[in-house]
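A short worksheet on the structure shown next.
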Amino acid sequence: MRKPCCDNKEEMHKGAWSKQEDKKLIDYITKHGEGCWRNLPKAAGLLRCGKSCRLRWMNYLNPNLKRGNFTEDEDDLIIKLHALLGNRWSLIAGRLPGRTDNEVKNYWNSHLRRKLIKLGIDPKNHRLSHYLHIKRLEFLQENNTRSENDGLIFDAASSCANKDQQITSSLLDLNSLP
DNA sequence: AACCGGTACAACCGCTTGTTA
DNA sequence: CTAACAAGCGGTTGTACCGGT
């Protein structure tokens with residue numbers, strides 16, 4: 001049987017953190033460093049569960065966090081990494097200095113996922129959407145030669161056929177990162 | 001001004017993983 | 001080996017904010 005992540009769960013604060021709580025957590029971690037999250041709340045004088053403290057520090061208060069808007073380069077890297085790793089946000093965030101898994105996950109769900117959908121790419125598998133596949137089949141049936149307008153669809157579909165090769169070369173790229 | 005739907009993001013929850021006794 | 005525990009992870013929820021009507 002598993003113990004709860006903290007004692008007296010019903011007495012713990014929940015929801016948004018106050019300025020005072022933030023200060024207590026920052027002060028404590030500045031003095032004593034991270035670690036032993038289960039005991040930290042009591043030691044720091046916080047009525048929060050350790051899990052909540054850890055999350056607050058990791059995702060918001062840690063001074064090493066970059067915060068602010070994601071750059072185009074970061075967008076590209078996240079998309080590339082997501083194609084390789086799927087929803088393994090901590091691994092993806094690990095490749096983005098100053099970004100957290102929660103931040104990357106939220107950014108993916110609110111921005112990048114939509115961006116890919118707009119481009120006709122299925123964000124789950126990074127392949128052309130069903131709609132574009134249908135369009136391509138229609139195109140192939142109706143035309144033996146490529147028209148200018150359908151060229152884009154044809155190109156996109158063709159690029160998906162090379163997916164495995166792309167993944168392999170991307171992996172090599174990633175392995176060369178620091 | 002009031003309402004409403006959409007968006008962004010902080011925070012929670014339950015589960016898994018890694019470590020230690 | 002295994003049970004117990006802390007830490008970590010990813011999915012989901014709650015809510016503040018914003019623009020449109």
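Everything numeric in this text was worked out from a predicted model, so none of it was measured. Below, read A as the first sequence line, B as the second, and so on, with proteins coming before strands; counting in each chain starts at 1.
- Using a 4.0 Å cut-off, some side-chain N or O of A:Ser90 falls inside it from OP1 or OP2 of C:dC9.
- Between B:dC9, C:dG11, B:dC15, one nucleotide has an atom nearer to the side chain of A:Lys51 than all others, and that is B:dC15.
- Remark: C:dA16 base-pairs with B:dT7; criterion is Watson-Crick or G-U wobble with both hydrogen-bond distances under 3.5 Å.
- In this model, the phosphate group of B:dA10 is not approached by any side-chain N or O of A:Lys105 to a distance below 4.0 Å at OP1 or OP2.
- Listed pair A:Arg114 / B:dG6 fails the phosphate criterion, with no side-chain N or O lying under 4.0 Å from OP1 or OP2.
- Applying the 3.5 Å distance criterion, the base of B:dA10 shares a donor-acceptor pair with the side chain of A:Asn106.
- Checking C:dA7, B:dA8, C:dG10 against every side-chain atom of A:Ser110, the shortest atom distance belongs to B:dA8.
- Put simply, the side chain of A:Asn109 and the base of B:dA8 share no donor and acceptor less than 3.5 Å apart.
- Ranking B:dA8, B:dA11, C:dG10 by closeness to the A:Tyr60 side chain, first place goes to B:dA11.
- Judged by distance alone, with hydrogens and angles left aside, the side-chain atoms of A:Arg95 form no donor-acceptor pair with the main-chain N or O of A:Leu91 at under 3.5 Å.
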Pairwise N/O distances under 3.5 Å, protein to nucleotides 14-19 of chain C:
none

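- Nucleic acid contact for A:Asn102: base, since at least one base atom lies under 4.0 Å from a heavy atom of the residue.
- The shortest distance between the side-chain N/O atoms of A:Arg48 and the OP1/OP2 oxygens of B:dA11 is not below 4.0 Å.
- Taking the side chain of A:Met58 as heavy atoms from C-beta on, and the options C:dC9, B:dA8, C:dG8, the nearest nucleotide is C:dG8.
- For A:Trp37, a side-chain nitrogen or oxygen approaches OP1 or OP2 of C:dG8 to under 4.0 Å.
- For C:dG8, the OP1/OP2 oxygens have a side-chain nitrogen or oxygen of A:Arg54 closer than 4.0 Å.
- Within the 4.0 Å cut-off from OP1 or OP2 of C:dG11, at least one side-chain nitrogen or oxygen of A:Trp89 is found.
- Proximity of A:Arg56 to the phosphate of B:dA10: no side-chain N or O atom is located under 4.0 Å from OP1 or OP2.
- Applying the 6.0 Å contact sphere to NZ of A:Lys66 captures more than 12 heavy atoms from other residues, nucleotides or ligands.
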